[in-house]
Amino acid sequence: MSTIRWILWALVVLVGTVSSQEPELGSVRVVFQTNFGDIEFGFYPNVAPQTVEHIFKLIRLGCYNTNHFFRVDKGFVAQVADVVGGRSAPMNEEQRNEAEKNVVGEFSDFRHVKGVLSMGRYADPNSATSSFSILLGNAPHLDGQYTIFGKVTKGDETLKRLEEVPTRREGIFVMPTERITIHSSYYYDMVTESCEKEKSALKRRLTASAIEVERQRMKCFP
């Protein structure tokens, strides 16, 4: 192999390796509390910043509360319904205004593998709103066509329970025969939580030190 051809081959391998590496998760974690257990996930803000901002705002507004998973295709996807039509509770004006917004497609080289979060959409690549799928298995045929914006960080047992729910087929969709409800949702920042834990531990150490200093003082000067 000539030197130039070898360099080109090495570049192809390098690019392929880089594009297949897992993107970095942000520090925010979201938890969906369902009637089958909790599902926690994080965001890829450097991969799909506009999508992450939109979905996170919907979560902060409580838009996914009382929503449901309308689709559970074992080994493929568990898909969250569009919040406008999927909630059992009515929406206020602020929630509806945000939920009806479309978010542009942010397609990347990252792969649709098990645990990834991927936006749902219609034929228009910029038609995503609030519905998204959790990949229950690898789906390479979706790569480059749907926006990947996050990943499940906890809740594999819950996802397994979802896959055990009886289903029925309606057209291309495999749908659960009982409602899988997202009762509520909340979020937290791992960095902030870590700082609070460290601050609490520091307070405990300082208190213990103060007690020990006082004990030694009383011992020396009764």
Would you be so kind as to tabulate the donor-acceptor pairs closer than 3.5 Å made by side chains of residues 131-144, with sequence neighbours excluded?
unit_1, atom_1, unit_2, atom_2, d
S131, OG, Q79, NE2, 3.0
S131, OG, V80, O, 2.6
N138, OD1, K114, N, 3.0
D143, OD1, H112, N, 2.7
D143, OD1, H112, ND1, 3.1

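Put simply, the side chain of R29 does not reach to within 4.5 Å of the side chain of K154, judged on heavy atoms. Taking the side chain as every heavy atom from C-beta outward, F36 and E164 never approach each other to under 4.5 Å. Contact check for P176 versus H68: no side-chain heavy atoms found under the 4.5 Å cut-off. Side-chain contact between I180 and V72: present, with at least one pair of heavy atoms (C-beta onward) separated by less than 4.5 Å. Looking only at side-chain heavy atoms (C-beta outward), F43 and V30 come within less than 4.5 Å of each other. Within the 4.5 Å cutoff, the side chain of F149 has no heavy atoms near those of the V103 side chain.
Between the OH atom in Y188 and the CD atom in E40 there is a gap of 3.5 Å [rounded to 0.5 Å]. If you take OG1 on T34 and CZ on R161, they are separated by 8.0 Å, rounding to the nearest 0.5 Å. One distance of note links CG of N35 with CZ of F69; it measures 10.0 Å at 0.5 Å rounding. Taken to the nearest 0.5 Å, the OH atom of Y146 stands 14.5 Å off from the OG atom of S108.
For Q145, the CD atom sits in a packed shell: over 12 heavy atoms of surrounding residues, nucleotides or ligands are nearer than 6.0 Å. No more than 12 heavy-atom neighbours from other residues, nucleotides or ligands sit within 6.0 angstrom of CD on E53.
For E98, the salt bridge (Lys or Arg N to Asp or Glu O under 4.0 Å) partners are K57, K101, not counting sequence neighbours.
Looking only at distances, no side-chain donor or acceptor of D73 sits under 3.5 Å from a matching main-chain atom of V174.
Screening residues 77-104 for ring pair (Phe, Tyr, Trp, His ring centres under 6.0 Å) gives no qualifying pairs among residues at least two apart or on separate chains.
Side chains of T129 and D82: a donor on one and an acceptor on the other come within 3.5 Å. Between the side chains of N65 and S185, at least one donor N or O lies within less than 3.5 Å of an accepting N or O. Under the 3.5 Å distance criterion, with hydrogens and angles disregarded, no donor-acceptor pair is assigned to the side chains of T147 and E106.
Under 4.0 Å is where a charged nitrogen must lie from a carboxylate oxygen, and between K160 and E157 at least one such pair does.
For an aromatic pair to be called close, the ring centres must be under 6.0 Å apart, and F110 with Y44 fails this.
Note on I55: it does not cluster hydrophobically with V47, by side-chain heavy-atom contacts below 4.5 Å among ILVMFWY residues.
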